[in-house]
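What follows is one structure encoded as structure tokens, with my remarks underneath.
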Amino acid sequence: MSAPCPHCACACTDDGGSHALLMLLDADDLDAALAQGLLDAQPCPGCTADCNARLTAAREERRFALAARTRHRAREARLQRRKAERDAVRQPQSIAATAAADALARALAKAKERRQ
């Protein structure tokens, strides 16, 4: 037999673990709630609408937060890749510019020697 609901005292035995999840959420133990299946939690058929709304809201908030984290990580990876691509394109130009500056310095040195 499962524990009664901490909010509406529902004693439904077919709660699918939602009562335990609500207790974990009340204790602010989000890690344990996620480990117990918060992301896949279904509302208890015997609980009140308010109770089920709490569980559904907590589940959707976590899904939204995890999706946002995934989007953020993908964006960071994309920005790093673009930066690396830009740096790779700029690298040969800086080498070419250095080579051109060296060649110009040698030419100026030769011209200076000829004038003397």
Side-chain angles (χ1 to χ4, degrees):
M1 181 171 164
S2 66
C5 178
H7 298 284
C8 68
C10 162
C12 182
T13 58
D14 189 26
D15 69 345
S18 62
H19 296 170
L21 288 171
L22 284 169
M23 284 189 271
L24 289 170
L25 291 170
D26 286 347
D28 202 27
D29 194 353
L30 193 57
D31 291 332
L34 286 169
Q36 289 248 319
L38 175 63
L39 297 178
D40 299 320
Q42 296 301 315
C44 172
C47 284
T48 64
D50 183 47
C51 256
N52 286 329
R54 289 176 192 231
L55 181 65
T56 303
R59 180 188 67 207
E60 294 308 313
E61 285 174 8
R62 288 295 96 211
R63 284 181 178 172
F64 182 78
L66 292 172
R69 182 176 69 182
T70 301
R71 288 190 308 272
H72 176 73
R73 287 179 176 170
R75 179 179 183 269
E76 287 297 315
R78 188 173 57 251
L79 291 175
Q80 288 294 328
R81 187 185 70 245
R82 287 180 182 170
K83 183 182 181 309
E85 289 170 357
R86 279 193 311 268
D87 290 346
V89 168
R90 289 180 183 156
Q91 183 68 16
Q93 291 174 352
S94 64
I95 292 172
T98 303
D102 290 343
L104 180 60
R106 285 191 305 271
L108 287 173
K110 282 184 183 179
K112 200 176 203 181
E113 284 178 15
R114 288 182 196 153
R115 285 188 197 155
Q116 293 178 356

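Fair warning: this is a prediction, and the values are worked out from it, not measured in the lab.
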Does R78 CZ have over 12 foreign heavy atoms under 6.0 Å away? yes
Between [atom1] of [X] and [atom2] of [Y], what distance do you get to the nearest 0.5 Å?
X   : Y   : atom1 : atom2 : answer
D50 : C8  : CG    : SG    : 8.5 Å
Q36 : D31 : CD    : CG    : 12.0 Å
R62 : L39 : CZ    : CG    : 8.5 Å
H7  : C47 : NE2   : SG    : 9.0 Å
C44 : L55 : SG    : CG    : 9.5 Å
Q80 : R75 : CD    : CZ    : 11.0 Å

Closest heavy-atom pair and its distance - S18, Q42: CB-O, 3.7 Å
Assess whether a salt bridge exists between R63 and E60, defined as any Lys/Arg side-chain N lying under 4.0 Å from an Asp/Glu carboxylate O. yes
Lys/Arg-Asp/Glu bridge criterion (N-O < 4.0 Å) met for D102, R106: no
Just do the side-chain contact (heavy atoms from CB on, under 4.5 Å) check on L25 and L38 with the steps written out, would you? CA-CA 9 Å; L25 291 170; L38 175 63; 4.2 Å; yes
Is there side-chain contact between P43 and T56, with at least one heavy-atom pair below 4.5 Å? yes
